[in-house]
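In what follows, every heavy atom counts, from backbone to side chain, and hydrogens, waters and symmetry copies are set aside. The chains referred to below are lettered A, B, ... by the order of the sequence lines, with proteins before strands, and numbering in each begins at 1.
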There are 2 protein chains.
Amino acid sequence: MVFMGGTGADIDGDIGRIPAGPGVAPLPAMASHEVLAVVLQIRAGRLAVLLWRRALPPFEGAWALPGGRLGPAEGLGESVRRQLAQKVDVRDLAHLEQLETRGAPDRHPQGRVLATAYLGLVPADVDPVIPADTAWHPAADLPPMGFDHAAMVDSGRRRLRAKLSYTNIGFALAPPEFTMSELSRHYRAALGHDVAATNLRRVLLRRGQIEETGRSVPSGRSGGRPAALFRFRARRLEITDAFAVLRPPAAPGGRDDVHTGAVPISPAEPC
Amino acid sequence: MVFMGGTGADIDGDIGRIPAGPGVAPLPAMASHEVLAVVLQIRAGRLAVLLWRRALPPFEGAWALPGGRLGPAEGLGESVRRQLAQKVDVRDLAHLEQLETRGAPDRHPQGRVLATAYLGLVPADVDPVIPADTAWHPAADLPPMGFDHAAMVDSGRRRLRAKLSYTNIGFALAPPEFTMSELSRHYRAALGHDVAATNLRRVLLRRGQIEETGRSVPSGRSGGRPAALFRFRARRLEITDAFAVLRPPAAPGGRDDVHTGAVPISPAEPC
DNA sequence: CCGAGTTTTGGCCTGCAAGGCATAAACTGG
DNA sequence: CCAGTTTATGCCTTGCAGGCCAAAACTCGG
């Protein structure tokens, strides 16, 4: 049966330990707030999202985004990382940024809950240990999902796609070192269309996003010319093509008014 | 005078009537939520933002963004429009979209308040009647501001600047009809650098954003060749340059996976 | 009525980034 | 050593952004 303790408790993710005792008069119409994470990774050549299977109503049996209620003294980004630590090792997260906040009055069947969604990216080389009730699903072919979480996954995909074309966000998808054909496969998975390795190499090199490591792939894989190994030069989000049009008239000197929207990631959170 | 009745009246400041009385056990850490609006307009050749002067602490005398507490059954976008109706006629808003949500635990001196900021745009031809306690300030030179509102204004400016170069968002800044030199002045104000009218015309025409009305300016203004009048073809946000790079390989047919982030604006809100 | 000044318009040209294509390079396996 | 496979490199085309200049169209003053 369903454990129905606390106020809006068993929202998705445990809120636990918040002293919202029963018996108290119903709270004034204050919305509670949750944070959710759209964690994406390239897995088996496809863009995958980390989902959590709900064991309790509402949406029992459906899938949902990992996340949970905002703690009393937490910042939003802080809270996502804490909640995520219960599902996946936070050190695996290469990038985290805010996506959108949804607050439709009826978005949560059990009361008013606002949700701020974040986009998290996991490099393709790590395979995080995840709990039994979570799984990776193809982001292009989602299982039945509860709440408005499917829309949030879509937001995340679109954000990622857009940023792949004008930022260095690829660093958060690719392993530390990679060949160009590997990278182009990752881009293909994320963008949903073919990406020629030749052109990708030219573009990312010119933009200064990637550089050669000097080494080549260990050789002896599949009978072809050994591929050079590349790496991303920065591991933090940078805008490398801002902006294609209506730019300031040939101003020498860098532009400083770009914003990346990234949330700093502390490597080891005291979770 | 300002009509100050209703629920979410006294805008963002005091938390007021939340029964967080002394003696009572401290409320469970439920944050309250407010919505704020960064309303921008080109005024006198400069990008201006609508601010509200606080009469009460905290930040008494400082300026703040219009907005206020989220109502019990309101959606977020809905709430901004309602709150904004107290400051400016909502019919003047040509565009509204969500900017960001801030939730630092200490962002509000009087308790935990999350805030979702929206970006609103007012065409240059209207001069909304605004209450006595509000005023337009140059967005590039803000007065002392309370809370984290200055950062939100900056987010709004950056968002606008970015979208000017890959969407048709100019429709929300420009009057219904305009000459190219007018429009280039508006772009200059918003972007912060010169924009050649010749080039702007070429770019916006090619992208199908604007079209000629056929008429010319009434003539007899300042002794020059009469300027042709243009208008934006759409009055809703469209992405016209998605994306400069890493696009799908010459796929005939339009792309449908673009998202604009716009909030539908109901012309007449039952405020 | 004509010429000077002003503003818009359109054409021409350049530069640059994206991306397709073909060929060369480098390796494996038989 | 040759065929097959994969990567790397150079060449070329295309398209857009944007600068520049001359022509067009008007006002105003003499």
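- Under a 4.0 Å N-O distance rule, the pair E97(B)/K163(B) qualifies as a salt bridge.
- If you take CG of N199(A) and C1' of dT9(D), they are 14 Å apart, rounded to a whole angstrom.
- Picking from dG20(C), dA18(C), dA8(D) the nucleotide with the shortest atom distance to the side chain of A196(A) gives dG20(C).
- For the side chain to side chain contact (heavy atoms under 4.5 Å, CB included) test, residues two or more places apart in sequence or in another chain that qualify with R202(A) are T198(A), N199(A).
- Heavy atoms of A197(B) sit nowhere under 4.0 angstrom from any nucleic acid atom.
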Every protein N/O within reach of nucleotides 12-14 of chain C N/O, cut-off under 3.5 Å:
residue, atom, partner, partner atom, Å
dC12(C), N4, R202(B), NH1, 3.4

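- With rounding to whole Å, R215(B) atom CZ is found 14 Å from dT9(C) atom P.
- Protein atom CG of D194(B) is 16 Å distant from nucleotide atom C1' of dA17(D), rounded to whole Å.
- A straight line from CZ of R201(A) to P of dC21(C) spans 19 Å, rounded to a whole angstrom.
- Of the candidate nucleotides dC26(D), dC16(D), dA8(D), dC16(D) has the atom lying nearest to any side-chain atom of R206(B).
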Using a cutoff of under 3.5 Å, can you pull out all pairs of nitrogen or oxygen atoms linking the protein to nucleotides 3-6 of chain C, with atom names and distances?
residue, atom, partner, partner atom, Å
dG5(C), N2, G223(B), O, 3.3
dT6(C), O4', G223(B), O, 3.4
dT6(C), O2, G223(B), O, 3.2

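- Evaluation of the salt bridge (charged side-chain N to carboxylate O under 4.0 Å, His left out) test over residues 167-180 of chain B, restricted to residues two or more places apart or in two chains, returns E177(B)-R215(B).
- The separation between L205(B) atom CG and dC16(D) atom P is 13 Å, rounded to whole Å.
- As rounded to whole Å, 13 Å separates atom C1' of dT7(C) from atom CD of E182(B).
- Closest to the side chain of A227(B), from the set dA8(D), dT8(C), dA17(D), is dT8(C).
- Salt bridge R236(B)/E238(B): absent, no basic N to carboxylate O contact under 4.0 Å.
- Take P176(B) and apply the side chain to side chain contact (heavy atoms under 4.5 Å, CB included) test, not counting sequence neighbours, and it matches D125(B).
- In this structure, the CG atom of L204(B) is 13 Å from the P atom of dT9(C), given to the nearest Å.
- Partners of F232(B) according to the ring-ring contact (aromatic ring centres under 6.0 Å, His included) rule, which considers only residues two or more places apart in sequence or in another chain, are F178(B).
- Checked against side-chain hydrogen bond (donor to acceptor under 3.5 Å, both in side chains), R225(B) has no partners two or more places apart in sequence or in another chain.
- Both E212(B) and T198(A) lie near DNA chain C, and the one whose nearest nucleotide falls closer to the 5' end is E212(B).
- Summarising the geometry, the separation between CG on L200(A) and P on dA8(D) is reported as 12 Å, rounded to the nearest angstrom.
- The salt bridge (charged side-chain N to carboxylate O under 4.0 Å, His left out) test applied to D92(B) returns no partner, not counting sequence neighbours.
- Take R43(A) and apply the side chain to side chain contact (heavy atoms under 4.5 Å, CB included) test, not counting sequence neighbours, and it matches Q41(A), A48(A), D127(A), P128(A), W136(A).
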